[in-house]
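Here's the structure we're looking at; comments come further down.
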Amino acid sequence: MTLDIEQPALLVGYLREHGHIGPDETPQVQVLAGGVSNRTVLVRRESGEAWVIKQALEKLRVQVDWFSSPARIHREAAGLRWLSRLAPEGTIPDFVFEDHDAHLLGMAAVPQPHANWKTLLMTGDVQADHARQFGALLATIHRRSCDQHDQVAPAFADTSFFETLRLEPYYAYTAGQVPAARAFLRDLMDDTRRQRLALVHGDYSPKNILVYQDRLVLLDHEVIHFGDPAFDLGFSMTHFLSKAHHFPARRTAFAEAARLYWQVYQYDVEVQNFDHALETRAVRHTLACLLARVAGRSPLEYLDAAERDCQQQVVIGLMQRPPQTIPELITNFLEGLQTSCPSFAE
Ligand SMILES: Nc1ncnc2c1ncn2[C@@H]1O[C@H](COP(=O)(O)OP(=O)(O)O)[C@@H](O)[C@H]1O
Ligand SMILES: [Mg+2]
């Protein structure tokens, strides 16, 4: 692969050569910042149509050497196509094209003005309706993919990217770092690998949500697979709870958003085999992710050292006798911080 899409002249040449744009067309090209594992470029065509081109990097842009096959972009392309059918209308950008040689895909750009949801949350802008949409969006993906198991499961049977980009860096690495959590994390990894229930996004985080005209749009599907939907719940719940920890002034708002998110999810998912076992696994994944995001390979950048220590201590305590339900977990986590961490009450 020689094409680097971040070089505008090369990208325009490529788009012309492959017939994606007219032979004389000169679109506007803007490199989008921030990606660690991909290049993302906005292309605005003369017609007004706009695409985001995304190309997977083999070597991730992190301090340590970390490699992942760029073929994962094709998993994302398959994710885009399937999610357009499974997720609520308007929540997934349209798929435009993919190229197996250059390891890239094109999708419709979410129009401006839009905001990244994480950016909104970090400024304290916590809106109940966004939490509600976040719950309904995930529930719809889980419910419909479970209902259409026969078609969806074979298309997303490979879990290798989930293994190398999630289970290893989040759970296995953390198990090596924190002996007191080792058995808990290993049991959970075994259990996760046994579940083949629904389409799991694998990166269900506010960072991968754009808010456009007050509607949520979901991005970034490279670790999507058929597996344990409770992983998405734990992974996402961790973002609400860690922000409740970090932002004393917005603590109640984040805790309420977490409760509402779960309530809407639970109501909307309505799948027979998503019984209480799903909730208990969601509790375990939340605890595992709360710990992984302070002691794993990918710590949350906004928690300082004291907050990370404190979160670790509280989570290890809860792992000894995990709460039975998500609402109980939310309450116990926040109470645990209150009693164990002097800085928490600020
Ligand atoms: N379809 C899109 N429309 C508008 N912006 C997008 C689109 N896809 C990606 N982006 C922008 O690029 C950023 C990185 O994209 P993402 O798919 O999350 O890649 P990464 O895997 O590098 O995190 C997003 O946060 C968003 O700002
Ligand atoms: Mg992303």
Side-chain angles (χ1 to χ4, degrees), residues 4-6 11 15 20 27-45 48-62 66-84 87 89-98 103-123 130 134 137-138 161-162 164-166 169-170 200-225 232 235-236 238-239 289 293 297-298 300-302:
D4 172 357
I5 63 166
E6 288 181 344
L11 177 60
L15 292 171
H20 296 306
Q28 290 179 343
V29 172
Q30 182 193 339
V31 174
L32 301 174
V36 164
S37 59
N38 293 279
R39 300 180 174 125
T40 40
V41 177
L42 176 66
V43 173
R44 265 192 295 255
R45 302 189 62 190
E49 193 182 352
W51 298 331
V52 167
I53 317 285
K54 183 168 172 178
Q55 183 177 41
L57 293 168
E58 179 145 34
K59 185 177 185 311
L60 277 47
R61 290 161 169 166
V62 290
W66 187 350
F67 296 88
S68 176
S69 165
R72 66 188 188 279
I73 201 74
H74 309 299
R75 181 64 46 76
E76 172 149 10
L80 271 175
R81 289 190 294 263
W82 273 94
L83 289 172
S84 293
E89 175 96 38
T91 58
I92 307 292
D94 285 339
F95 169 79
V96 184
F97 61 85
E98 75 185 299
H103 294 307
L104 58 80
L105 64 77
M107 66 183 133
V110 177
Q112 291 285 2
H114 62 244
N116 184 287
W117 193 28
K118 178 182 175 183
T119 309
L120 293 180
L121 293 175
M122 296 299 284
T123 60
H130 294 164
F134 197 51
L137 173 50
L138 188 65
F161 297 123
F162 179 65
T164 55
L165 296 171
R166 290 291 172 274
Y170 287 74
V200 180
H201 184 268
D203 205 357
Y204 202 65
S205 149
K207 201 175 167 181
N208 288 325
I209 296 279
L210 298 181
V211 183
Y212 171 64
Q213 295 186 338
D214 252 332
R215 310 303 299 169
L216 267 48
V217 181
L218 175 62
L219 305 173
D220 212 356
H221 323 298
E222 54 190 16
V223 289
I224 196 166
H225 65 282
D232 282 336
F235 189 85
S236 49
T238 291
H239 293 284
C289 288
R293 295 322 289 264
R297 280 196 207 277
S298 182
L300 290 169
E301 80 294 348
Y302 54 83

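Just so you know, ligand 1 is whichever comes first in the structure, and atom 1 is the first atom listed for that ligand.
Residue Asp220 approaches the Mg ion (ligand 2) most closely through its N/O/S atom OD2.
The side chain to side chain contact (heavy atoms under 4.5 Å, CB included) test with Val217 singles out one residue from Val211, Ile209, Val110, and that residue is Val110.
For atom 18 (O) of ligand 1, the candidate residues are Ile92, Asp220, Asp203; the nearest heavy-atom contact is made by Asp220.
Listed by atom number, the atoms of ligand 1 under 4.0 Å from Ser37 heavy atoms are 21 (O). Taking a cut-off of under 4.0 Å to the non-hydrogen atoms of Asn38, the atoms of ligand 1 that pass are 20 (P), 21 (O), 22 (O). Proximity to Asn208 (heavy-atom distance under 4.0 Å) selects the following atoms of ligand 1: 18 (O).
Taking 2.8 Å as the threshold, Asn208 counts as a candidate ligand of the Mg ion (ligand 2), since one of its N, O or S atoms lies below it.
A salt bridge links Glu301 to Lys118: one of the charged nitrogens lies within less than 4.0 Å of a carboxylate oxygen. A salt bridge does not link Lys207 with Asp220: every distance from a Lys NZ or Arg NE/NH1/NH2 to an Asp or Glu carboxylate oxygen is 4.0 Å or more.
A heavy-atom separation below 4.0 Å is found between Leu210 and ligand 1. Residue contacts with ligand 1 include Ala108, since one of its heavy atoms falls under 4.0 Å from the ligand.
Using cut-offs of 30° and 60° for the angle between ring planes, the Tyr204 and Phe134 rings count as parallel.
Using modelled atom types, one finds a donor on one side chain and an acceptor on the other under 3.5 Å when comparing Asn38 with Glu222.
Of the protein's heavy atoms, Val52 CG2, 3.8 Å lies nearest to atom 6 (C) of ligand 1. Of the protein's non-hydrogen atoms, Asn116 ND2, 3.9 Å is the one closest to atom 25 (O) of ligand 1. Protein heavy atom in closest approach to atom 11 (C) of ligand 1: Leu32 CD1, 3.8 Å. With respect to atom 13 (C) of ligand 1, the closest heavy atom belonging to the protein is Thr40 OG1, 4.4 Å. Atom 24 (C) of ligand 1 has Leu219 CD1, 3.8 Å as its closest protein atom, hydrogens excluded (heavy atom only).
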Inset, instruction - Start with the C-alpha gap between His103 and Glu58, add the side-chain angles, then the distance that decides, and say whether side chain to side chain contact (heavy atoms under 4.5 Å, CB included) holds. - result: CA-CA 10 Å; His103 294 307; Glu58 179 145 34; over 6 Å; no

Legend entry - Audit row: Arg166, Asp203, side chain to side chain contact (heavy atoms under 4.5 Å, CB included) steps and yes/no: CA-CA 9 Å; Arg166 290 291 172 274; Asp203 205 357; 3.1 Å; yes

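Contact annotation: the side chain of Ser236 never approaches that of His201 to less than 4.5 Å [non-hydrogen atoms, C-beta and beyond].
A donor-acceptor distance shorter than 3.5 angstrom exists from the side chain of Arg293 to the backbone of Ser298, with no hydrogens or angles considered. Distance alone, capped at 3.5 Å, places no donor-acceptor pair between the Arg215 side chain and the Tyr212 backbone.
At a 3.5 angstrom cut-off on N or O pairs, Lys54 counts as close to ligand 1. Residue-to-ligand polar distances keep Met107 apart from ligand 1: every N/O pair is separated by 3.5 Å or more.
Residue-level proximity to ligand 1 for Val110 is carried by backbone and side chain together, each with a heavy atom below 4.0 angstrom. With a heavy-atom cut-off of 4.0 Å, Leu42 does not touch ligand 1 at all.
In the displayed structure, Glu89 atom CD is contacted under 6.0 Å by at most 12 heavy atoms of other residues, nucleotides or ligands.
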